[in-house]
Amino acid sequence: MENKHTDVSSSEPRPETTIAAQPAIDAQSEPQTSTSQHAVNDTPTESNQSAPWGIIITLFILLMVTFAAAAGGYYLYQQLEAQKAQSLALEQKIQAELVKPNQRIAFLEQQQSQFKSNVDLALSTAQTEQEQLQERVSIIAQRNPNHWRAEEAKYLVRLAGQKLWLEQDPSTATSLLKAADERIKSMRDPSLMPLRKALANDIAATASIKNTDIAGTVLTLDTLIEGLETLPLNRAETHFSAEELKDTEVSTSLDDWQSNLAKSWQALIDDFVIIRKRTTDAAPLLEPDQQWYLVENTRNKLLQAQLALYRQDQVNYRNSVKLARKWVYQYFDLEDQHVIDALATLDALETLKIQTASIERFDSSNLLNQLVTYGDLMTEETQ
């Protein structure tokens, strides 16, 4: 820029030379010429001074923009690093949270595989058992048709034993044994006569057992228990005759003052002292609370008799009934008809005998097992 200004100033003619070449110019034109020359000389100077400031301002603006861009880039870089750290922490947290579900899934898969193996083992075992069962069925199907009758007779004898020893029902047991004998009879095999003879012995022994009506006896005891509270107790009462009552009356005659005095004295003594003459044993008087205990104890003894009856305990049954009868006879009114009926019932219950089965095992059971297992009875030589 300075070179350009220098060239312009050197190319233009100096003011002094111009003025010397033109002497004829008026004085009036000199001020204008000088003014224009000053204007020409001032213009390059102002432009020379304004140019550096514009450059400086431009450079300053560029520096500010560059600094702002650098600061913005650094801020964006920090934000990106923070987001990257948050993303990494979130990823680690998610992985940590997924550890337990993954473990649970692995455990369930293990259980599922184990259950599948168990199911496969059970299926294989069931299939093997089914094949064995089919083999047994095919073997049984090839046997004599009488084998089914022998199986049925064996089942009937086993059921008869349950009825006899568990339910104490000899009549039903006898019927079942007769049904088993009918099955053996329908086989029409003369070699089974020992079995039929053993069944006949079992039928006779079972039929000889007397059937004790346990249910009826329990109901009779229940009736006695329910009627205990209605039975009247024995009361010690004194009954005076009409003559005795007449002798105690005082007369209005003055001549009878001695007898009247004696009667008054006797009445006074009777109010304090009572003398009764009885030819029989006097039943003791019971208080109200003792009456309640009497009824409850009698009921308890009858309940014990029921329990002993179910257990087939002859001794405890008879002792309980005997003690209950003793209390009824001793403390209740023997002139009342309900008490008389209760005593008669207790007398009948006391003589009851509980029959127990004396048979421990049926003779036909062993022979039936031989028939079912071997298809025939084994002789002594075979055994």
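The model shown is predicted, which means the values in this text are computed figures rather than measured ones.
At least one side-chain heavy atom of Val157 sits less than 4.5 Å from a side-chain heavy atom of Ser365. Val295 places a side-chain heavy atom less than 4.5 Å from the side chain of Glu229. Between Met64 and Ile61 the shortest side-chain heavy-atom distance does not fall below 4.5 Å. For the pair Ile94 and Leu98, the minimum side-chain heavy-atom distance is below 4.5 Å. By the 4.5 Å heavy-atom criterion applied to side chains, Glu350 and Leu346 are not counted as neighbours. Within the 4.5 Å cutoff, the side chain of Lys163 has no heavy atoms near those of the Thr206 side chain.
In this structure, CZ in Arg318 is found 7.0 Å from NZ in Lys353, a value given to the nearest 0.5 Å. Here the straight-line distance linking atom CG of Leu221 with atom CG of Leu307 works out to 11.5 Å at 0.5 Å rounding. Taken from CG in Asp333 to NE2 in His338, the straight-line distance is 12.0 Å, to the nearest 0.5 Å. To the nearest 0.5 angstrom, Glu152 atom CD is 4.0 Å from Arg183 atom CZ. Leu224 CG to Thr298 OG1: the interatomic distance, rounded to the nearest 0.5 Å, is 11.0 Å. Leu323 contributes atom CG, which lies 12.0 Å from atom CZ of Arg325 (distance to the nearest 0.5 angstrom).
Scanning both residues, Tyr317 and Ala308, for their nearest heavy atoms gives N-CB, 3.5 Å. Summarising the geometry of Leu368 relative to Lys154, their closest heavy-atom pair is CD1-CA, 3.9 Å, with the distance given to 0.1 Å. Contact detail for Ala207 and Thr174: the closest heavy-atom pair is N-OG1, 3.6 Å. Nearest approach of Lys301 to Trp327, heavy atoms of both residues: CG-CZ3, 3.6 Å. Across all their heavy atoms, Phe362 and Asp202 have their closest contact at CB-OD2, 3.4 Å. Across all non-hydrogen atoms, the minimal contact from Ser124 to Leu121 is OG-O, 2.6 Å.
In the hydrophobic clustering of this structure, Met193 does not group with Ile184; members are Ile, Leu, Val, Met, Phe, Trp, Tyr whose side-chain heavy atoms approach within less than 4.5 Å, directly or through other members. Tracing side-chain contacts under 4.5 Å through hydrophobic residues (I, L, V, M, F, W, Y), one reaches Val65 starting from Ile57; they form part of the same cluster. Taken together through direct or relayed side-chain contacts under 4.5 Å among Ile, Leu, Val, Met, Phe, Trp and Tyr, Ile340 and Leu302 form parts of separate hydrophobic clusters. The cluster map of Ile, Leu, Val, Met, Phe, Trp and Tyr, joined by side-chain heavy atoms under 4.5 Å apart, puts Phe107 and Phe115 in different clusters. Hydrophobic clustering, with ILVMFWY side chains joined whenever heavy atoms are under 4.5 angstrom apart, groups Val218 together with Ile225.
Asp181 places no side-chain N or O within 3.5 Å of a backbone atom of Leu177 that could act as its donor or acceptor partner. Without hydrogens or angle criteria, Asn300 side chain to Glu296 main chain gives no donor-acceptor distance under 3.5 Å.
In the hydrophobic clustering (ILVMFWY side chains linked at under 4.5 Å, chained through shared members), Leu156 is joined by Tyr155, Leu159, Leu176.
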*asked:* Run Lys322 and Lys326 through side chain to side chain contact (heavy atoms under 4.5 Å, CB included) and show every step you take.
replied: CA-CA 6 Å; Lys322 185 182 294 185; Lys326 178 181 178 182; 5.9 Å; no

*Assess whether side chain to side chain contact (heavy atoms under 4.5 Å, CB included) is satisfied between Leu233 and Leu294, documenting all intermediate values.*
CA-CA 10 Å; Leu233 294 174; Leu294 172 64; 3.8 Å; yes

*Run the numbers on Asn316 and Gln304 for side chain to side chain contact (heavy atoms under 4.5 Å, CB included), then give the verdict.*
CA-CA 8 Å; Asn316 289 329; Gln304 290 179 4; over 6 Å; no

*asked:* Using the rule given for side chain to side chain contact (heavy atoms under 4.5 Å, CB included), can you reason through Val119 versus Lys116, listing the C-alpha separation, both sets of side-chain angles and the distance that settles it, and then say yes or no?
replied: CA-CA 5 Å; Val119 170; Lys116 184 177 180 181; 5.7 Å; no

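When the shell of 6.0 Å around CD of Glu131 is examined, it contains more than 12 heavy atoms from other residues, nucleotides or ligands. Taking a 6.0 Å sphere around CD of Gln111, one finds it holds more than 12 heavy atoms contributed by other residues, nucleotides or ligands.
A donor-acceptor contact under 3.5 angstrom links the side chains of Asp222 and Gln306, judged on distance only. Donor-acceptor pairing under 3.5 Å is recorded for the side chains of Asp341 and Gln337.
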